Amino acid sequence: MSQVRTRFAPSPTGYLHVGGARTAIFNWLFARSHGGQFLLRIEDTDTERSGEDMVAAIIAGMRWLSLDWDEEIVHQSARLDIYQKHLDELLAAGKAYKCFCSKETLDRKRRSAADKKKDFRYRDERTCYHLSSAEIAGLEAQNAPCAIRLKVPESGETAFEDEVYGRIVVRHTQLDDLIIRRSDGFPTYHFAVVVDDHLMRITHVIRGEDHLSNTPKHVLLYNAFAWSVPTFAHVPLILGPDKRRLSKRHGATAVGQYETSGYMPEALRNFLSLLGWAPGEDREILTLDELVREFSLTGISKKSAVFDERKLEWMNCQYIMQLSLGQLYDLALPRLQEAGFLPDSPSDQERSYVMRILELLQPRLKRLNEVDERSAYFFSEPTQYDEKSVSKLWTKPGVLEQLTRLYSDLASMDEFTIDAIEGVVRRLAEELEVGAGKVIQPLRLALTGGSVSPGIFEVMTLMGQETVLSRIRRAMEYIEKNHLQAV
RNA sequence: GGCGCAUUCGUCUAGUGGUCUAGGACGCCGGCCUCUCACGCCGGUAACACGGGUUCGACUCCCGUAUGCGCUACCA
């Protein structure tokens with residue numbers, strides 16, 4: 001069997017979106033699991049809608065997901081002469097013909113057919129197909145714009161075997177003479193895709209299910225050239241929560257958005273792999289190697305899948321917890337620097353301080369972009385106290401005395417270690433005959449500005465005795481100033 | 001409208017005629033742990049779209065209905 005070659009062929013009319021990314025992942029996985037090649041092709045024949053910045057964004061997205069490709073990137077816009085050559089071939093063989101009908105004329109005919117509740121099919125009249133060579137020459141002499149259509153057989157059917165959906169058959173009466181070159185000289189998608197897939201020696205075309213209905217047209221084109229047809233595998237579409245095709249209306253659809261909102265590429269890749277495909281086992285957290293090992297076309301589902309961001313978030317959480325502290329530090333560093341918590345080149349001391357913070361935060365992070373707000377109080381005094389927590393925790397009678405005691409007890413400590421602090425706090429709670437939580441929560445509010453944080457004793461050792469004391473004092477001042485304690 | 005495709009818990013899915021009183025995961029609910037939150041652990045909730053066949057037997061096969069999606073462009 002010949003070498004497996006797959007490709008991902010996005011059109012740069014937008015950023016790399018998760019649906020495209022999923023298709024790319026499947027192609028990549030399939031190629032890698034067969035020791036084959038994975039190629040990248042930019043389908044930029046629609047010059048109006050394509051942009052260089054989009055190409056760059058797509059490439060960045062691919063890199064971020066570690067989807068490396070083999071060989072040079074193919075740009076369709078640079079292959080116009082190749083398409084023209086193949087067009088001429090079809091024209092010469094009488095398998096395609098020039099069509100001088102204007103878009104306006106066609107639209108009008110389509111509308112009037114629709115009014116009569118009928119389908120418009122160009123092939124029923126084939127106006128331009130019946131033009132004499134003299135007429136064609138005349139039109140061309142006037143430089144009349146013309147498109148090129150493929151001549152589709154009027155009877156019979158075209159079938160192909162899809163690896164996911166099985167045998168697909170379409171009667172030729174359902175098809176029209178499709179345009180394969182626009183009047184502006186650019187090939188249409190259907191034509192370019194077939195020519196390129198053949199020339200790039202693609203063996204397996206893995207793409208979205210929205211192309212399932214288009215594939216018979218492509219098969220017809222392969223046949224017209226007498227080329228062998230590749231294996232097709234169409235993958236189900238990705239839907240939004242409302243079961244409609246995933247689009248910008250649903251929020252984040254671009255891979256880059258997931259990067260900035262703190263998702264790890266490994267998590268997104270893992271999640272996307274499992275959308276419309278399942279390995280034969282129950283495990284869901286799979287490494288790249290495992291994915292490569294397990295991936296197969298037969299595991300692909302026929303049913304479109306809803307993109308569930310909650311599950312992605314959970315998966316991201318799993319990946320964050322697997323990180324070593326050093327890795328987590330590297331990922332958090334730019335975000336902490338941007339927040340102004342760390343200088344451009346942190347000292348060793350700063351680095352180890354942050355690592356200890358991250359150790360506490362690690363199981364609590366769903367997304368990497370939460371690190372700055374969750375760690376803010378380690379870098380600066382709380383600028384304000386959470387209002388609800390204040391009214392819940394600092395209005396209770398005795399809180400001021402509690403904090404006063406805490407202050408003096410903590411101030412007299414020599415060793416500000418986790419165990420020692422815990423001992424002091426618990427002893428105080430016992431003495432006051434209250435649960436430890438009753439002492440800890442008001443304290444937590446004083447130190448962090450809120451009622452949620454990692455274990456308070458860990459937080460305190462990290463902050464250091466001096467900071468802890470000054471924050472307690474500041475909290476007491478706040479309580480007094482605002483007359484929170486009932487008189 | 002025509003053609004194509006699909007239809008298992010809210011969501012992702014396992015399941016290829018009997019092992020299914022339908023399994024796992026996310027979510028949700030309850031509990032444990034506990035200084036809050038998170039992690040972790042334990043338990044619970046919840047599905048074969050509907051109707052006909054075929055068969056000794058159907059989630060699994062066939063037909064129809066419904067619903068959804070896709071294609072029906074000189075977009076890709």
Side-chain angles (χ1 to χ4, degrees), chain A residues 9-13 43-46 48-50 99 101-103 106-107 110 114 117-121 145-149 162 164-166 168-171 173-176 178-190 192-193 208-217 234 236-237 239 241 243-245 271 274-285 299 301-315 317-318 321 360-366 374 389 393 422 425-426 429 435-441 443-445 448 450-457:
Chain A
S11 70
T13 53
E43 308 219 324
D44 50 1
T45 56
D46 187 350
E48 293 285 303
R49 302 199 300 150
S50 302
C99 175
C101 297
S102 73
K103 193 168 190 315
L106 294 171
D107 282 345
R110 225 185 305 276
K117 302 250 183 219
K118 288 174 76 176
D119 275 358
F120 169 73
R121 256 188 260 284
C146 83
I148 295 175
R149 287 179 185 271
D162 189 88
V164 174
Y165 288 93
I168 304 292
V169 185
V170 170
R171 289 185 296 283
T173 50
Q174 294 300 323
L175 267 17
D176 202 0
L178 62 146
I179 290 178
I180 53 180
R181 193 205 69 179
R182 296 190 249 133
S183 50
D184 65 4
F186 283 87
T188 60
Y189 163 75
H190 299 301
V193 121
E209 190 262 353
D210 48 341
H211 287 304
L212 194 61
S213 306
N214 286 328
T215 306
K217 300 170 196 170
H234 287 87
L237 263 20
L239 273 26
K243 311 256 184 158
R244 308 198 72 98
R245 197 172 170 163
F271 176 73
L274 261 27
L275 222 46
W277 172 75
E281 50 176 325
D282 283 339
R283 247 162 12 105
E284 301 203 282
I285 304 293
S301 143
K302 297 179 176 68
K303 191 188 149 194
S304 38
V306 173
F307 189 93
D308 181 9
E309 190 161 348
R310 316 262 278 196
K311 189 152 185 177
L312 205 211
E313 221 172 42
W314 166 79
M315 206 169 262
C317 204
Q318 299 293 309
M321 283 193 292
L360 298 182
L361 256 28
Q362 192 167 27
R364 282 163 250 260
L365 291 174
K366 277 196 164 66
R374 279 189 185 273
S389 306
L393 299 168
E422 177 159 11
V425 173
R426 289 202 187 280
K438 290 279 184 288
V439 176
I440 288 171
Q441 279 304 81
L443 175 60
R444 171 173 277 123
L445 180 54
T448 69
S451 59
V452 173
S453 84
I456 202 65
F457 311 122

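Worth saying up front: this structure is predicted, and the values here are computed from it rather than measured. Numbered from 1 within each chain, the chains take letters A, B, ... in sequence-line order.
For the pair A/P236/A/K302, no side-chain contact is recorded, criterion being any heavy-atom separation below 4.5 Å from C-beta on.
For B/G52 and B/C12, the P atoms lie 28 Å apart once the distance is rounded to whole Å.
B/U65: Watson-Crick or G-U partner is B/A49, with both key distances under 3.5 Å. The partner of B/A76 cannot be assigned: no Watson-Crick or G-U wobble pair with both contacts below 3.5 Å exists in any strand. With a cut-off of 3.5 Å on both Watson-Crick or G-U wobble distances, the partner of B/A25 is given as B/U11. Applying the Watson-Crick and G-U wobble criteria (two distances, each under 3.5 Å), B/C41 pairs with B/G31. When both distances must be under 3.5 Å, the Watson-Crick or G-U wobble mate of B/C71 is B/G2. When both distances must be under 3.5 Å, the Watson-Crick or G-U wobble mate of B/C56 is B/G18.
One finds a side-chain N or O of A/R110 lying less than 4.0 angstrom from the OP1 or OP2 phosphate oxygen of B/C74. Close to B/C69, at under 4.0 Å from its OP1 or OP2, lies a side-chain N or O of A/R244.
Relative ring orientation between A/F271 and A/F307 is described as perpendicular, the plane-to-plane angle rising above 60° on a 0-90° scale split at 30° and 60°.
When rounded to the nearest whole Å, the span between CG of A/L239 and P of B/U13 equals 11 Å. Separating the CZ atom of A/R245 from the C1' atom of B/A6 is a distance of 15 Å, rounded to the nearest angstrom. What separates CD of A/E209 from P of B/G68 is a distance of 16 Å, to the nearest Å. Spacing between atom CD1 of A/I180 and atom P of B/A73 amounts to 16 Å, rounded to whole angstrom units. In this structure, A/L237 places its CG atom 14 Å from C1' of B/G4, rounding to the nearest Å. One interatomic measurement links the two molecules: CD1 of A/I285 to P of B/G40, which rounds to 11 Å at whole-angstrom precision. What separates NZ of A/K118 from C1' of B/C3 is a distance of 18 Å, to the nearest Å. When rounded to the nearest whole Å, the span between NZ of A/K217 and P of B/C75 equals 13 Å.
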> Between A/R426 and A/F457, is a side-chain contact (heavy atoms from CB on, under 4.5 Å) present by the stated rule, with each step listed?
Replying inline: CA-CA 11 Å; A/R426 289 202 187 280; A/F457 311 122; 4.3 Å; yes

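Note on A/G455: a base of the nucleic acid sits closer than 4.0 angstrom, heavy atoms only. Within 4.0 Å of A/L274, counting heavy atoms only, lie sugar-phosphate atoms of the nucleic acid but no base atom. Counting non-hydrogen atoms under 4.0 angstrom, A/H190 reaches a base of the nucleic acid. Residue contacts shown for A/E309 are absent, as no nucleic acid heavy atom lies under 4.0 Å away. Among the protein residues, A/D210 comes within range of the sugar-phosphate backbone only, with heavy atoms under 4.0 Å from sugar or phosphate atoms but none that close to a base.
Using modelled atom types, no side-chain atom of A/S451 and backbone atom of A/S389 make a donor-acceptor pair closer than 3.5 Å. A donor-acceptor pair is defined here as one N or O able to donate and one able to accept, closer than 3.5 Å; no such pair exists between the side chain of A/R182 and the backbone of A/I148.
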